[in-house]
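Notes to accompany the following structure.
Reckoned from all heavy atoms, side chains included, excluding hydrogens, waters and symmetry mates. Letters A, B, ... are given to chains in the order of the sequence lines, protein chains preceding strands, and every chain is numbered from 1. Keep in mind that this is a model prediction, so the values were computed, not measured.
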There are 2 protein chains.
Amino acid sequence: MSEQPIIIKQIIGKTLKAIRMKHGLSQEDLAHECGVDRSYISMIEVGRNEPSVTKIFDLCKGLNIKPSDFFKIVEAEYQKFSQNSGEIE
Amino acid sequence: MSEQPIIIKQIIGKTLKAIRMKHGLSQEDLAHECGVDRSYISMIEVGRNEPSVTKIFDLCKGLNIKPSDFFKIVEAEYQKFSQNSGEIE
DNA sequence: ATGTAGACTCTTGTCGACA
DNA sequence: TTGTCGACAAGAGTCTACA
């Protein structure tokens, strides 16, 4: 049951990384900004951990974006991915 | 650091319950619909567990709503809550 | 129809250190 | 600057069963 054909953590990771880099922040900057561990951000971006909603809200605050916008991107990628059943990018 | 003044799990639970009931579904209906445990849905709605993003996507699929819409509601409640610094309802 | 409990497994999330 | 490893406490998530 934990076998999701479409892996949401990977989409979240890719999305987070893209936004973080667009803002010109390092992982450490962001980690310090929102009070989470740097290695944890790495884990997320690389798709190993799926952050909780609470953590995503924290991260979005550090990135000055609205969580709903973040999830809009994730949802769009999710649908793209489920249609193509292929690459994330 | 895991001390969030504003508890997102409670907002998620309240939101899920409201949408589920608007759709006229029981917890068991929804659980069966999206392949999760019924007691788990109860846990979420009551604010004891914070579901992962993956689970929220599953639940939204069972409710025929877009995850981004779900999070839009959660975000709105979150902001209302952080302004009033009071009741969720 | 819902909340809760116990017991269990797996993952999240933190921290320090190393490539 | 980032990925990863190991260890650890805490929480997610399942299942059975009872109020």
Quiz prompt | Sugar-phosphate, base or nothing in reach of B/Ser26, heavy atoms under 4.0 Å | solution =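 Contact class for B/Ser26: sugar-phosphate only.
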Under 4.0 Å from OP1 or OP2 of [N]: is there any side-chain N or O of [X] that close?
{"X": "A/Lys17", "N": "D/dT1", "value": "no"}
{"X": "B/Ser52", "N": "D/dG13", "value": "yes"}
{"X": "B/Arg20", "N": "C/dT2", "value": "yes"}
{"X": "A/Lys55", "N": "D/dA12", "value": "no"}

Quiz prompt | Side-chain H-bond candidate by donor/acceptor type, A/Thr54 with B/Glu50, under 3.5 Å | solution =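 The answer is yes; a qualifying pair exists.
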Quiz prompt | DNA chain D: 5'-proximal contact among A/Asp29 and B/Tyr40 (nearest heavy atom) | solution =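 That would be A/Asp29.
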Self-check item: Quiz item: B/Arg38 side-chain donor-acceptor pair to C/dG3 base, under 3.5 Å
Solution: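 Side chain to base: pair present.
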Quiz item: Between B/Asp58 and B/Lys61, does at least one N-O distance fall below 4.0 Å, as a salt bridge requires?
Solution: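 Result for this pair is no, no salt bridge flagged.
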In whole angstroms, how far is the [atom2] atom of [N] from the [atom1] atom of [X]?
{"X": "B/Met43", "N": "C/dT2", "atom1": "CE", "atom2": "P", "result": "16 Å"}
{"X": "B/Glu45", "N": "C/dT2", "atom1": "CD", "atom2": "P", "result": "7 Å"}
{"X": "A/Asp37", "N": "D/dG6", "atom1": "CG", "atom2": "C1'", "result": "14 Å"}

Self-check item: Side chain of A/Ser42 - closest among C/dG3, D/dT4, D/dT14
Solution: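 That would be D/dT4.
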Quiz item: D/dA12, D/dT4, C/dT2: which one has an atom nearest the side-chain heavy atoms of B/Lys9?
Solution: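 Comparing D/dA12, D/dT4, C/dT2 against the side chain of B/Lys9, the answer is D/dA12.
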Quiz item: When you measure from the side chain of A/Arg20 to the backbone N and O of A/Leu25, does any donor-acceptor pair fall under 3.5 Å?
Solution: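 Yes, the answer is positive, given that a donor and an acceptor are paired below the 3.5 Å cut-off.
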Practice problem: Decide whether A/Met43 and A/Ile41 are clustered together by the hydrophobic rule: side chain heavy atoms of Ile, Leu, Val, Met, Phe, Trp, Tyr closer than 4.5 Å, transitively. | Solution: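 No, because A/Met43 and A/Ile41 fall into different hydrophobic clusters, even though each may have its own neighbours under 4.5 Å.
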